[in-house]
Amino acid sequence: QVQLVESGGGLVQAGGSLRLSCAASGRTFNTYAMGWFRPAPGKEREFVASISWSGVTTHYADSVKGRFTISRDNAKNTVYLQMNSLKPEDTAVYYCAAARNLMQVTTDGRGDYWGQGTQVTVSS
């Protein structure tokens, strides 16, 4: 069982930065791939970024590539999403997810565990 708690959301002006954190409970965090998602029109959720259990492999949605960076610290059971050059269209609730493998969370958008989300609002 893994419990996920996101934090770090807030209100920021366009062009600004935020760093989201997702803290996980449980001793098996370092065996899970992790991903970040946000709702999107017409979809339940939109893939944003993912990272392998080791942190070596990362994937990004085209809409955030070059602006967002996903990372993890397995010693702290935490995954991060550094968001730079934020745009109003990045406004959303951001959710983190843990999955048994990287492709599951990246390609299928499926997580075995989900957090409650943290709100990011970007003003123009």
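In terms of heavy atoms, S17 sits closest to N84 at OG-OD1, 2.9 Å. Minimum heavy-atom separation, S85 to R67: O-NH1, 3.0 Å. Counting all heavy atoms, side chain and backbone alike, G109 lies closest to W114 at O-CZ2, 3.9 Å. Minimum heavy-atom separation, F37 to A97: CE1-CB, 4.1 Å. When all heavy atoms are compared, the tightest approach of G117 to V93 is CA-CG1, 3.8 Å. Between N77 and S25, the shortest heavy-atom distance links the atoms ND2-C, 4.5 Å.
Expressed to the nearest 0.5 Å, how far OG of S124 lies from CD of Q13 amounts to 9.5 Å. Distance check: Q1 CD to D112 CG gives 10.5 Å after rounding to the nearest 0.5 Å. How far OG of S21 is from CZ of R72: 13.5 Å, rounded to the nearest 0.5 Å. The structure places OG1 of T31 at 9.5 Å from CH2 of W53, a figure rounded to the nearest 0.5 Å. Once rounded to the nearest 0.5 Å, the distance linking CZ of R110 with CZ of R45 reads 10.0 Å. Between C22 atom SG and Q116 atom CD the span is 11.0 Å, to the nearest 0.5 Å.
A salt bridge links K65 to D62: at least one charged side-chain nitrogen sits closer than 4.0 Å to a carboxylate oxygen.
In this structure, L81 shares a hydrophobic cluster with V2, L4, V12, L18, L20, F29, Y32, M34, W36, V48, I51, Y60, V64, F68, I70, V79, M83, L86, Y94, Y113, V120, V122, the cluster being traced through Ile, Leu, Val, Met, Phe, Trp and Tyr side chains under 4.5 angstrom apart.
Two residues are said to be in side-chain contact when any heavy atoms from C-beta on lie closer than 4.5 Å; Q119 and T91 meet this criterion. At least one side-chain heavy atom of L102 sits less than 4.5 Å from a side-chain heavy atom of H59.
With sequence neighbours excluded, no residue forms a side chain to side chain donor-acceptor pair (under 3.5 Å) with E89.
Remark: the backbone N or O of R19 is not paired with any side-chain donor or acceptor of Q82 at under 3.5 angstrom.
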